[in-house]
Number of protein chains: 2
Amino acid sequence: MGGIKEIAKMTGVSLATVSRVFNNSALVSPKTREKVLKAAKDIDYRPNVMAAALRSGKSKIIGVIVPEVNNSFFSDIINGIEGVVSDSGFNIIISQTHEKQERENAALNSLLELNVDGILMSISKETKDYTQIQKIIDSKTPIVFFDRRPTLDAINAVLLNNYLGAYIATEHLIDMDCENILHIAGNPDVSIFEERKKGFVAAAQKHRVQYLVNHLPNIKSNPEEDLNSLKDILKKHPNIDGIFAYGDEMAIHLLNLLNTLKIEVPKQVKLIGFGNANFSALTQPSLSSIDQESSLMGELSANLLLQNLKRKTKPTAKVLSPKLIRRESTKNLDQ
Amino acid sequence: MGGIKEIAKMTGVSLATVSRVFNNSALVSPKTREKVLKAAKDIDYRPNVMAAALRSGKSKIIGVIVPEVNNSFFSDIINGIEGVVSDSGFNIIISQTHEKQERENAALNSLLELNVDGILMSISKETKDYTQIQKIIDSKTPIVFFDRRPTLDAINAVLLNNYLGAYIATEHLIDMDCENILHIAGNPDVSIFEERKKGFVAAAQKHRVQYLVNHLPNIKSNPEEDLNSLKDILKKHPNIDGIFAYGDEMAIHLLNLLNTLKIEVPKQVKLIGFGNANFSALTQPSLSSIDQESSLMGELSANLLLQNLKRKTKPTAKVLSPKLIRRESTKNLDQ
DNA sequence: TTGAAAGCGCTAACAG
DNA sequence: CTGTTAGCGCTTTCAA
């Protein structure tokens, strides 16, 4: 399996011509082209992408950095990304940060060493220091952020309107006649969770209903304790009739807790989550939620990046509008 | 940000010496090493992996091919792989096949063009023609299969003992006093589903209980119809008291269907799935299942590949033993 | 312990 | 439309 040189020798044309055939850019006579292609097939020729990359400065590789690949939101995004970039002949390299700034910087570094043509990333929850990221933004390597962005100006990003999503969710509870609503909020250091909280508060105030916010972000690390404190809250506020959880997983835990406490959903309490995770349609009752259009987010980010690859465009931030997914957990049985 | 050459000029040593420093292989005097390292820091030097790859023939990239990244089983595996290989300084390129042979071959091709050092893959459900794969096995690029393997000899693979998993699941139902059990089987063209079916039948026969097998693989493409035919089966066989579903998602659908039919789980019918998906602990009742140790499978495959990278070893097939996860859906309320 | 030199496989001027 | 030529940045003999 020789290279371009062997084909040149076989066909009697020059290296350059052979190269042109494979980059079907230049004008090559149909005859020569055919001759070259035939020879290529004969020796089962496969272009050496590395060599081309080195010489041309284009690797045809796009780096993707996510907190965790085994998280349905991010894997849906990756799916979206993969679809559009592979259609354009790019490969994707994936790195995980596990929400650590250190790993994030390492990943970024690694991608630069690989000479990736562009980077798609969602920053880790922990990241506070943007110097490394700023360096890339200033560099020639295009980068676009999705879902979570650094608080820097002039960046390319595809985001979800979390405020709006929370607002919609909250209004939906109110529409379903809830008058005393609780928000289980996520880690306040993470901007998207803060936005959701703000959206909740805004909607509650707008419609003048009673509301309550409770931070409870550690469900994964410490489920026992969290569920106990949840129990306390529900006991202390028996008049709560609607709950908006900052995420679907938390919502499911709530659903089970409410069930344990013999509080019926949606009869006594209505419940809505956020994220429209794959399992939210499968619970009993099924869980109303806010869809994040994760796959679309991946596609749009990838498209934005590809666009920047062609010609450096002005920094653009695209904001997606989340959609309400009504299911049984917020059904108003009186209506 | 110059290259090795610039550092050589700055420090007054030769290119070769600088190169040696970064491959901390050769014997370089501590002084020179330090000098070089300092210069490198000064100009924020980043090695060009592509160039090194081209010259040395080692890309430090590993290709991973999976049917779908947004599938919790595969994304868990990817997580396991990523952990192992990134610790060893490798990057991973990910391609999806969407269960299409055509895409699989394209991905394989693409990886070879990139000169990946090794390949980790799970073949698509559709793949029947192994010529492309055989070519790679014969080539110098190490490849190891996980979860789904081609029916070829002398391959490296990390697999799950699906037969055993099904056997265990079935025995568990029988232990919980089920005497009339149903297996909802997956697509018979997929070997892992066939193995599960065989394990089920073997366990049922061994313990001399009544059993029934029903193929119902299209739950995703045609849920309505499938659920209806399920309903028919359950009505036709009202004495069924235990169900083993070939996958957790199917099991959840069953759970909901049984609920609709006012058949209580686990009181009247006990239900067990396969896969231990993330949502199976969250349902009401929680779903018993068979754990596939997906992350471990990823780690083992990656380790096997890395081992092969160092020195071509004899083809090895590792078979993991699945584990029973008991939850509420199979609880014996009489015991 | 270090240096000189060749070249990995390909692309991109430039000249014809 | 085609060929010549000069490298991309690095590794790796071979010699010193």
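Letters A, B, ... are given to chains in the order of the sequence lines, protein chains preceding strands, and every chain is numbered from 1. None of these values were measured; they are calculated from a predicted model.
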Less than 4.5 Å apart, any side-chain heavy atom of A:Ile77 and any of A:Val66? no
Reckon B:Thr32 has a side-chain N or O less than 4.0 Å from the OP1 or OP2 of C:dT1? no
Please collect all salt bridge (charged side-chain N to carboxylate O under 4.0 Å, His left out) contacts where either partner lies in residues 300-318 of chain B, sequence neighbours excluded, each pair once. none
Please report the distance, rounded to the nearest Å, between CZ in A:Arg33 and C1' in D:dT2. 13 Å
Going by side-chain hydrogen bond (donor to acceptor under 3.5 Å, both in side chains), name the pairs with one or both residues in residues 132-152 of chain B, residues two or more places apart or in two chains. B:Glu99-B:Arg148, B:Gln134-B:Asp138
Could you check whether B:Glu113 pairs with A:Arg46 (Lys NZ or Arg NE/NH1/NH2 to Asp/Glu carboxylate O, under 4.0 Å)? no
Residues in salt bridge (charged side-chain N to carboxylate O under 4.0 Å, His left out) with B:Glu34, at least two apart? none
Taking the side chain as every heavy atom from C-beta outward, state whether B:Val64 and B:Leu111 have any pair of such atoms under 4.5 Å apart. no
d(NZ, A:Lys31; C1', D:dT2) in whole Å: 14 Å
Looking at A:Asn109, A:Thr127, A:Thr97, which hits side-chain hydrogen bond (donor to acceptor under 3.5 Å, both in side chains) with A:Glu104? A:Thr127
Quick one: bend of the helix from C:dT1-D:dA16 to C:dG16-D:dC1 from 5 pairs per end, to 10°? 30°
Would you tabulate the side-chain donor-acceptor contacts of residues 297-309 of chain B under 3.5 Å, counting partners in other chains and residues two or more places apart, or write 'none'?
residue  : atom : partner  : partner atom : Å
B:Ser301 : OG   : B:Met297 : O            : 2.4
B:Asn308 : ND2  : B:Leu304 : O            : 3.2
B:Asn308 : ND2  : B:Thr313 : OG1          : 3.1

Do nucleotides 8-16 of chain D as a string where each nucleotide becomes B, S or -: B if the base has a protein heavy atom under 4.0 Å, S if just the sugar-phosphate does, - if no protein is that close. BBBBBB---
Using whole Å, what does the distance between atom P of nucleotide C:dC10 and atom CD of B:Glu113 come to? 10 Å
